[in-house]
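Below, read A as the first sequence line, B as the second, and so on, with proteins coming before strands; counting in each chain starts at 1. All values below were derived from every heavy atom in this structure, side-chain atoms included, with hydrogens, water molecules and symmetry-related copies excluded.
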Amino acid sequence: MNLFAHFETEILAAVDRLKADGHLPQDAECNGLSVEPPRDAAHGDIATNAAMVLAKKAAMNPRELAGHLSGYLEKSAHIAKIDIAGPGFINLTLKPEFWGQIVTAVLDDDSIYGQSDIGQGEKINVEYVSANPTGPLHVGHCRGAVFGDALANLLAFAGYDVTREYYVNDAGAQVDVFGRSAYLRYREALGEDIGEIPQGLYPGDYLKPVGAKLAEEHGKALLDMEEAAWLPIVREAAVAAAMDGIKHDLAILNIHHDVFVSERSLIEGEEDQVAATIDWLTEQGLVYEGRLPPPKGKRLEGWEDREQSLFRATEFGDDIDRALIKSDGGYTYFASDMAYHRDKFSRGFATMINVWGADHSGYVKRMQAAVRALTGGEGELDIKICQLVNLFRSGEPVKMSKRSGDFVTVRDIVEEVGRDSVRFMMLYRKNDAPLDFDFAKVVEQSRDNPVFYVQYAHARAHSVFRKAHEAFPDLDPDNPTITAPKLSLLDHEAEIAVMKRLAHFPRLVQSAATAHEPHRVAFYLSDLAGDFHGLWNRGKELPQLRFINLGNRELTDARLALVMATARVLRAGFDVLGVRAIKELR
RNA sequence: GGUCCCGUAGCUCAGUUGGAUAGAGCAGCGGACUUCUAAUCCGCAGGUCGCAGGUUCGAAUCCUGCCGGGAUCGCCA
């Protein structure tokens with residue numbers, strides 16, 4: 001049950017009655033109607049602007065119209081009080097016993113509470129990570145990886161048909177460099193002293209096994225070849241090894257993509273899809289030969305003013321037209337990315353989401369312009385930029401040296417603090433704000449550490465079940481079943497606060513999903529945990545408020561139902577974030 | 001210089017897509033607690049939402065222009 005959706009239908013029914021009795025014209029529409037929790041809880045449980053939205057149509061001032069509307073709402077069950085406030089808000093306060101229905105709804109095994117159908121099964125493509133296959137994943141990739149994965153979970157929970165996708169940039173100049181780096185390791189594996197890795201090549205040790213394997217498979221055969229002959233072989237082996245490593249790194253974060261699309265395969269497959277895309281754009285009159293002005297305000301070494309094939313990106317909202325073909329005849333990265341997005345669209349994804357790092361923010365307009373052009377305005381691309389992660393260790397910044405290839409990898413982080421802490425922390429911030437990640441803090445067992453705080457709430461709930469089992473052995477300590485609890489017994493303000501929070505979950509899921517903002521789920525969990533801890537603490541002062549009352553099984557059952565409901569919603573939120581809910585603290 | 005993002009309490013950040021008197025957590029101040037329902041709790045104080053205009057019943061939120069911080073600018077990926 002979605003509290004706000006439920007009352008929206010009641011309000012709309014009241015509006016219909018207003019039309020029936022002539023207060024409103026038949027054609028009056030509720031555009032911009034809101035049914036939401038008021039900002040200030042003192043105003044009640046549900047606020048609606050219905051009267052304000054309809055005032056003009058009714059030729060009545062909003063407060064007067066609100067008076068008529070509330071006359072009809074009063075007849076509805078569950079409403080304890082109706083206030084008309086401010087410019088014409090209608091505030092509904094529900095009867096305390098209403099909230100028990102939320103607990104019932106959460107515990108109903110026939111549906112998953114919070115799950116939504118707003119997605120209507122629409123196909124949606126989430127492309128995330130897409131790191132170059134030239135080495136292990138490091139912190140920079142980690143945030144986008146976790147973000148994309150949680151967003152995909154969230155969208156699935158909200159009823160979309162989600163595909164998780166990874167674009168493998170295995171075609172550009174970078175992977176050639178990577179291949180040459182691997183070739184050096186190959187020569188090294190054959191006993192040659194290669195000295196220091198030259199500037200510009202990949203220095204990391206992770207290519208050594210690739211070199212060794214090449215030596216094993218090819219012996220000295222590659223030494224006598226021209227680069228044009230050995231490069232494809234070495235490059236392919238290096239990329240394959242890098243992708244294996246990346247998939248392993250993703251797996252330790254519990255991230256599993258459905259589809260990997262190779263850039264090279266777009267070009268070298270049965271049909272050159274990049275060429276086909278450029279042809280198509282040319283037919284549409286969107287490609288021309290021309291010159292680009294050099295970037296202003298920044299001197300560029302070796303800027304080459306030349307006539308080239310340009311895509312009319314400016315017609316679709318970009319600042320400048322974009323090059324498609326490099327001077328060496330190869331496709332620009334952008335050209336193959338256009339082909340890739342055209343491919344996505346042709347696979348039935350009208351809605352696409354790309355998750356990128358901050359360093360790609362300058363690329364956003366271009367790609368969105370491309371999608372507009374390629375889909376005739378039918379496709380929609382949302383690009384989520386993940387800002388930088390700053391690493392700290394007990395408040396001290398962690399230094400990273402990229403030059404030596406000695407950066408902090410996903411593996412390092414997960415091994416040190418655990419997958420769940422990494423995932424939660426990466427989501428405990430809006431994606432477009434920078435994030436501070438402190439190795440010491442995320443494993444701290446204190447109120448300061450939101451990971452702990454939320455995990456602890458779930459563990460506490462389960463500790464109640466274990467205690468309940470000791471007191472009443474018929475109760476299953478893992479999953480106590482309580483038949484027909486008398487939920488009206490839950491009338492303390494701290495209990496009602498928890499139930500209200502539970503009531504907000506479905507709405508929260510919907511808004512987070514439509515905004516493509518999984519961090520809202522993390523903050524919600526923190527709030528819910530806060531309410532639950534608050535209730536727990538009240539039980540310390542007021543023993544009669546404790547969950548388990550030996551002399552009163554009926555009350556205990558009602559409270560256990562509430563604890564169960566809380567644990568379930570925490571669990572549902574954790575599932576969206578991809579964080580494991582723990583039942584016991586170590 | 002252009003573009004994009006950010007600017008909210010001393011600090012770190014939320015803010016339900018335009019709603020009412022802007023919220024949390026730290027830190028601060030004042031109390032309580034000496035405990036396994038443990039890994040603290042309760043209360044208080046704290047604000048010109050960067051600045052100035054605009055849009056309207058109503059703006060932290062939308063539009064414009066400034067100021068400050070960050071990222072980015074390519075035939076790289």
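B:U3 atom C1' lies 16 Å from atom CG of A:D321, rounded to whole Å. Here the P atom of nucleotide B:C75 and the OH atom of A:Y363 are 11 Å apart, to the nearest Å. Put simply, CG on A:L388 is 17 Å from P on B:G69, counting in whole angstrom units. Distance NZ (A:K326) to P (B:C75): 11 Å, rounded to an integer number of Å. Put simply, CG on A:D337 is 11 Å from P on B:C76, counting in whole angstrom units. Atom C1' of nucleotide B:A77 and atom CG of A:L324 are separated by 16 Å, given to the nearest angstrom.
Checking B:C75, B:A77, B:U3 against the side-chain heavy atoms of A:D319 singles out B:U3 as nearest. Distances from the side chain of A:T332 to the nucleotides B:A77, B:A20, B:C76 place B:C76 closest. For A:Q387, whose side chain is taken as the heavy atoms from C-beta onward, the closest listed nucleotide among B:C76, B:C75, B:C5 is B:C5.
Nucleotide B:A59 forms no Watson-Crick or G-U wobble pair with any nucleotide shown, as no partner meets the under 3.5 Å limit on both distances. Remark: B:G18 base-pairs with no nucleotide in the shown strands. Criterion, Watson-Crick or G-U wobble with two distances under 3.5 Å. Figure legend. B:G65 is base-paired to B:C51; pairs are counted as Watson-Crick or G-U wobble with both atom distances under 3.5 Å. Judged by Watson-Crick or G-U wobble contacts below 3.5 Å, the nucleotide B:G1 has B:C73 as its partner. Pair check for B:C41 finds B:G31; Watson-Crick or G-U wobble, both atom distances under 3.5 Å.
Using bins of under 30°, 30° to 60° and over 60° for the plane-to-plane angle, the ring pair A:F505/A:F157 lands in the tilted bin. Aromatic ring orientation, A:H519 versus A:F523: perpendicular (interplanar angle above 60°, classes split at 30° and 60°).
In this structure, A:A47 reaches the bases: a heavy-atom distance under 4.0 Å links it to at least one base atom across the strands shown. If you check every strand for non-hydrogen atoms under 4.0 Å, A:A85 touches a base. Among the heavy atoms of the strands lying under 4.0 Å from A:N91 is at least one base atom, whether or not backbone atoms are also near.
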Next on the checklist: Counting primed atoms plus P, OP1 and OP2 as sugar-phosphate and everything else as base, spell out the protein contacts along nucleotides 7-19 of chain B at 4.0 Å heavy-atom distance: B, S or - for each nucleotide, 5' to 3'.
Outcome noted: -----SSSSBB-B
Item to check | Footprint string (nucleotides 30-41 of chain B, 5' to 3'): B base within contact, S backbone only, - free, heavy atoms under 4.0 Å | outcome: -------BSBSS
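Screening A:D343, A:L281, A:I278, A:V371 for a side-chain contact (heavy atoms from CB on, under 4.5 Å) with A:M338, the sole residue that qualifies is A:L281.
Here A:R538 pairs with A:E493 in a salt bridge; the nearest charged N to carboxylate O distance falls below 4.0 Å.
Of the residues near RNA chain B, A:D170 and A:G362, the one whose nearest nucleotide (by heavy atom distance) lies more toward the 5' end is A:G362. Closest-nucleotide positions on RNA chain B for A:H360 and A:R322 were compared, and the one nearer the 5' end corresponds to A:R322.
A:D420 places none of its side-chain heavy atoms less than 4.5 Å from the side chain of A:V451. Side-chain contact between A:Q368 and A:F316 is absent, with no heavy-atom pair separated by less than 4.5 Å.
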Item to check | Derivation and outcome, side-chain hydrogen bond (donor to acceptor under 3.5 Å, both in side chains), residues A:E165 and A:Y340 | outcome: CA-CA 12 Å; A:E165 192 151 319; A:Y340 173 46; 2.7 Å; yes
Checklist entry - For A:T314 and A:D321, what are the C-alpha separation, side-chain angles and deciding distance, and is it a side-chain hydrogen bond (donor to acceptor under 3.5 Å, both in side chains)? => result CA-CA 6 Å; A:T314 46; A:D321 292 333; 2.7 Å; yes
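By the rule that a glycosidic angle within 90° of 0 means syn, B:U37 does not qualify and counts as anti.
For A:S327 against B:C75, a side-chain N or O and a base N or O form a donor-acceptor pair under 3.5 Å.
In this structure, A:H533 has its ring center under 6.0 Å from that of A:Y456.
Cation-pi geometry between A:R460 and A:F532 is not met: the NZ or CZ atom fails to fall both under 6.0 Å from the ring centre and inside 45° of the normal.
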